[in-house]
Amino acid sequence: MAQFPCQFNYVEDAFHVEKLSITDLTKKVATPFYLYSYSEIKQNYQRLSQALNKVNAQVFYAVKANSNQAILKVLASLGSGADVVSEGELKRALQAGIPANKIVFSGVGKTASEISFALKSGILQFNVESEAELEHISELCVSLKLTAKIAIRINPDIEANTHAKISTGKAENKFGIEHTRTLDIYQYAANLPGIQVQGIDVHIGSQINDLEPFEASFKRISELVCQLRDKGHEIEIIDIGGGLGVSYDAETDEPFDINEYASLVEQHLTSLGCNIIVEPGRSLLASAGALITQVSYIKNTKDKQFLILDAGMNDFARPSLYDAYHQILPVSLNKKENAIYDIVGPVCETGDTFAKSRSIPSVQQGDYLVIKDTGAYGSTMSSNYNTRPFIQEIMVKDSQFSTIRELQTLEELISKDKLPDWL
Ligand code: LLP
């Protein structure tokens, strides 16, 4: 969302986050590391929540985007609810102070232990994705003598015009229940013991920069709410999912203004008199994080100049998984002419590439780079591939910085392996 002042900027020739110079930081902290701006998270939250609250919609942050305790605590203190997809995320949200009655539980494969824990915690709502899951929740409610408040996630069969791997609202996707079967499934749910139907849910995909798919899904949901009410079902909560896109590439991404999205909510949903939940992840966190990395080597071949970084696809997977574009900039602009590089990591795969034929201000071995907009789906998707430890994470407020995740030690990492007795 480039139209708003960003906390990651050059001050003269030195890249800063808030009031902290990244060059100064690299003297104290070993790269690679993730760096977050407290003020950017707060600014993003306030912008979304102010626009949405006007149309009776509340922000329930999608924890999968970044589940660090410090980040959840910032959002909790601003009043955010949470959308979780595992027992782990639920525990993280509760531990950070997000109350259970502001947590919804989504996902197609909730296990018995996850459902039981969520029931005992008293969460606001299960977003149910299949008949089998509905039956499972009902059985667990009976045995625990508890009631589950549920919404059915509807698959509206709408094309979200986003990357195929993050499109969720087409009939062929594994998510939700076909919209044509809505009345039947609500009827079925209403008769199951331990189940209290209270809402309806939809989520059509992620990184959506077009308003039309959202409008189509809101229209569909509004029609369904009316039909369900006609049949006597009480629908008090409408969860419209997340998916609001951001600008990773100023030349190609044109995100809509949140006020335009809010107007569509108002036009199609507000008059139904429900509590409306929005589950943004990326639009709260993406611009609030950067990955700081050092150029380990520069390698020239006949056709190419490779920048080999100390960060790899295990630390940040979006470029290799989705061919995602992320801006990459030198921390210090000491040389102003541009050069063209393939910017790669150290992992032993050709897919470990952050950018191909990218023109950036020229750099030297040992220089530091910023990979921008990595606050969402960065650290949460990292892995230990190539036995590389999870990297350090830092949050900045003004000119202060604090570690919010320690670097994993190799001892910790290796000690999880166990030998069979016979070996
Ligand atoms: N609600 C549900 C049910 C979801 O599945 C998701 C994201 C969200 C909300 C939040 O969507 P957002 O506002 O962040 O677009 N790893 C991918 C993105 C996967 C999104 C999965 N679901 C990436 O890096 O692009």
Side-chain angles (χ1 to χ4, degrees), residues 1 41 44-45 47-49 52 57-67 71 75 80-86 89-90 93 103-110 125-129 133 151-156 160-170 173-177 199-210 213-214 217 238-249 253 255-256 258 261 276-289 291 313 315-326 354 371 373-383:
M1 305 222 165
I41 300 173
N44 286 345
Y45 179 85
R47 182 164 42 82
L48 289 197
S49 67
L52 294 170
Q58 283 176 284
V59 173
F60 277 44
Y61 169 61
V63 171
K64 62 174 80 67
N66 193 315
S67 55
I71 283 164
L75 290 166
S80 184
D83 162 52
V84 301
V85 292
S86 68
E89 285 191 355
L90 175 53
I103 299 180
V104 295
F105 195 162
S106 307
V108 294
K110 303 175 192 81
Q125 172 167 298
F126 290 85
N127 290 335
V128 178
E129 306 229 12
E133 183 193 334
I152 302 288
R153 176 166 174 181
I154 302 300
N155 182 319
N161 298 328
T162 185
H163 192 286
K165 287 187 186 163
I166 53 175
S167 178
T168 54
K170 289 285 290 168
N173 301 134
K174 67 178 175 181
F175 299 97
I177 286 179
I200 189 163
D201 171 47
V202 70
H203 170 76
I204 55 173
S206 194
Q207 182 55 8
I208 301 169
N209 278 331
D210 245 353
F214 284 117
S217 101
I238 303 177
D239 182 338
I240 51 177
L244 294 80
V246 301
S247 175
Y248 288 111
D249 182 349
D253 295 331
F256 48 78
I258 185 62
Y261 176 94
I276 299 168
I277 290 174
V278 187
E279 303 170 345
R282 191 190 309 270
S283 47
L284 289 175
L285 254 297
S287 69
L291 176 58
M313 64 189 282
D315 303 308
F316 184 54
R318 299 197 73 253
S320 47
L321 264 183
Y322 316 114
D323 292 318
Y325 176 97
H326 283 261
F354 293 115
I371 306 185
D373 302 318
T374 56
Y377 307 111
S379 96
T380 46
M381 293 179 71
S382 60
S383 79

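As the structure lists them, so they are numbered: ligands from 1, and atoms in each ligand from 1. Side chains included, hydrogens not; waters and symmetry mates left out as well; all remaining heavy atoms used.
Between Tyr322 and His163, the ring planes are perpendicular. Angles over 60° get that label, and only those under 30° would be called parallel. Note: Phe316 and Phe354 have parallel aromatic rings, judged against thresholds of 30 and 60 degrees for the angle between ring planes.
Among all non-hydrogen protein atoms, the one lying nearest atom 20 (C) of ligand 1 is Tyr377 OH, 3.6 Å. For atom 21 (C) of ligand 1, the nearest non-hydrogen atom of the protein is Lys64 CD, 3.7 Å. For atom 19 (C) of ligand 1, the closest non-hydrogen atom of the protein is Ile166 CG2, 3.7 Å. Of the protein's non-hydrogen atoms, the one nearest atom 3 (C) of ligand 1 is Glu279 OE1, 3.5 Å. The shortest contact between atom 16 (N) of ligand 1 and any protein heavy atom is with Tyr322 OH, 2.8 Å. Counting protein heavy atoms only, atom 24 (O) of ligand 1 is closest to Arg318 NE, 2.6 Å.
Here Arg282 has heavy atoms under 4.0 Å from ligand 1 in both its backbone and its side chain. With a 4.0 Å heavy-atom cut-off, ligand 1 is reached by the side chain of Met381 but not by its N, CA, C or O. Using a 4.0 Å cut-off between heavy atoms, Ile208 makes no contact with ligand 1 at all. If you look at His163 next to ligand 1, there are no close heavy atoms at all, none under 4.0 Å. Within the 4.0 Å heavy-atom criterion, the part of His203 lying near ligand 1 is the side chain and not the backbone.
Here the side chains of Tyr377 and Arg318 are in contact, with some heavy-atom distance below 4.5 Å. Inter-residue side-chain proximity for Ser217 and Ile240 is flagged as unmet; no heavy-atom pair is nearer than 4.5 Å. Proximity of Leu244 to Val278: side-chain heavy atoms (C-beta onward) are separated by under 4.5 Å at one or more points. Considering only heavy atoms from C-beta on, Met381 comes within 4.5 Å of Leu321 through its side chain. A 4.5 Å side-chain heavy-atom check between Leu285 and Ile41 finds at least one atom pair inside the cut-off.
Close approach to Pro280 involves these atoms of ligand 1, each under 4.0 Å from a residue heavy atom: 13 (O). Taking a cut-off of under 4.0 Å to the non-hydrogen atoms of Asp83, the atoms of ligand 1 that pass are 1 (N), 2 (C), 9 (C). Below 4.0 Å from some heavy atom of Gly242 lie the following atoms of ligand 1, by number and element: 9 (C), 13 (O).
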Just do the side chain to side chain donor-acceptor pair (under 3.5 Å) check on Asp253 and Ser247 with the steps written out, would you? CA-CA 5 Å; Asp253 295 331; Ser247 175; 4.8 Å; no
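Geometrically, ligand 1 and Gly281 share a nitrogen or oxygen pair separated by less than 3.5 Å. Checked by distance only, ligand 1 and Ser206 come closer than 3.5 Å through their nitrogen or oxygen atoms. Checking only distances, Ala62 never comes within under 3.5 Å of ligand 1, N or O to N or O.
Side-chain N/O atoms of Asn44 and Ser287 include a donor and acceptor closer than 3.5 Å. Residues Gln125 and Asn127 bring a donor and an acceptor atom of their side chains to less than 3.5 Å of each other.
The shell of residues lying under 4.0 angstrom from ligand 1, judged by heavy atoms, excludes Gly241. Using 4.0 Å as the threshold, Gly243 has a heavy atom nearer than that to some atom of ligand 1.
Using a 4.0 Å cut-off between charged side-chain N and carboxylate O, Glu89 and Lys64 make no salt bridge.
Figure legend: Lys110 and Phe126 shown without cation-pi pairing, the cationic atom not lying both under 6.0 angstrom from the six-membered ring centre and within 45 degrees of its axis.
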